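For reference, the structure discussed in these notes is given below.
Model, not experiment: these values are computed from the prediction.
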Amino acid sequence: MEVWVEVSIYFVTLTILGVNLARVNPKKPYMSFFATSVMAIGSVMHYFAQTYDLSHETLAEPWHDPTTQSLALFAFAYMFADLPVLMFFGQMETYERVMFIIHHMVSAVQLGSSLYCNKYQRLVLFFITAEATNILLNLRKIIPQTGPLKLIIDAMFAVSFLGYRMCYLFPILVRTIVILALAQEWFDLFVINCGALFVGILHIWWTYLILKGIYEIIVPPKKKEKAE
């Protein structure tokens, strides 16, 4: 199947699905939950079935794997298909709306330029596996916002984010950025890997929010005021 045909099918299908799900309940991220689940399950099963090799040279390898290409095209189509939901139909805080729109745009640039320039196939697959933590992130917004189930999902998300994204993915991201900067490969750094730069900044911010939330659970605000 031609690349443009495949990505068009994904885009049309996801756009129709996303708009209709948002109309049913604009406060719940059903579309994001579905898309991230597909990307996470597919990428995790494919990535961890392979030999572990996270050297920079391997991460920068050209595109040759049809499964990884299909996952990347699905992710690329989702970044555009989700925009109508983010801009018109979904109900969320303004800062979240802006953050997700920018995230989708830079991710689309990274995916598209990586495919077009025939570079960083394994790095793209590696980053798509991080969507596994977003299953829990979206699930915690879908389930009832009170009760023990919410607390369990929150704890699972915090552990998975800090454990997988920050301890496993983030160091590789930083290493990639440093190597490209030292080699003065500016196009690769600021265009092909612009998503990695932006997501790296977001990871620091998200980690701060998670740690802050954990601290406030351990030391509630009222107790802190009494302690002061």
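Remark: the backbone N or O of Lys119 is paired with a side-chain donor or acceptor of Ser114 at under 3.5 angstrom. Checked by atom type and distance alone, the side chain of Ser160 pairs as donor or acceptor with a backbone atom of Phe157 at under 3.5 Å. Between the Lys27 side chain and the Gly90 main chain, no donor and acceptor come within less than 3.5 Å of each other.
Side chains of Leu59 and Arg175 form a contact here, defined as non-hydrogen atoms less than 4.5 Å apart.
In the model, Tyr30 has no side-chain atom that pairs as donor or acceptor with a side-chain atom of Asn138 under 3.5 Å. Judged purely by distance below 3.5 Å, without hydrogens or angles, the side chains of Asp65 and Gln121 never pair a donor atom with an acceptor atom. Side chains of Arg165 and Thr133: a donor on one and an acceptor on the other come within 3.5 Å. Looking only at atom types and distance, the side chain of Ser70 has no donor-acceptor partner in the side chain of Thr67 under 3.5 Å away. Under the 3.5 Å distance criterion, with hydrogens and angles disregarded, no donor-acceptor pair is assigned to the side chains of Thr176 and Tyr120. A side-chain donor-acceptor contact under 3.5 Å links Arg122 and Gln50.
Heavy-atom neighbours of Gln145 CD from other residues, nucleotides or ligands within 6.0 Å: above the threshold of 12. Crowding of Met45 atom CE: a count of heavy atoms from other residues, nucleotides or ligands under 6.0 Å not exceeding 12. Heavy atoms of other residues, nucleotides or ligands lying less than 6.0 angstrom from CH2 of Trp4 number 12 at most.
Ring-centre distance between Tyr168 and Phe126: below the 6.0 Å cut-off.
Nearest heavy-atom pair across Ile177 and Ala196 is CD1-O, 4.4 Å. Taking both residues in full, the closest heavy atoms of Met31 and Tyr78 are given as CE-CD1, 3.8 Å, listed atom of the first, atom of the second, then distance. Minimum interatomic distance between Pro62 and His64 (heavy atoms only, all atoms of both residues): O-CD2, 3.3 Å.
Here the NZ atom belonging to Lys141 is positioned 10.5 Å from the NZ atom belonging to Lys150, to the nearest 0.5 angstrom.
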Phe80 and Phe76: CA distance, side-chain angles, deciding distance, ring pair (Phe, Tyr, Trp, His ring centres under 6.0 Å) verdict = CA-CA 7 Å; Phe80 289 102; Phe76 181 77; 5.2 Å; yes

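Scored by the side-chain contact (heavy atoms from CB on, under 4.5 Å) test, Thr13 finds Ile9 as partners (sequence neighbours excluded).
His203 and Trp206 have tilted rings, their planes meeting at an angle from 30° to 60° on a 0 to 90° scale.
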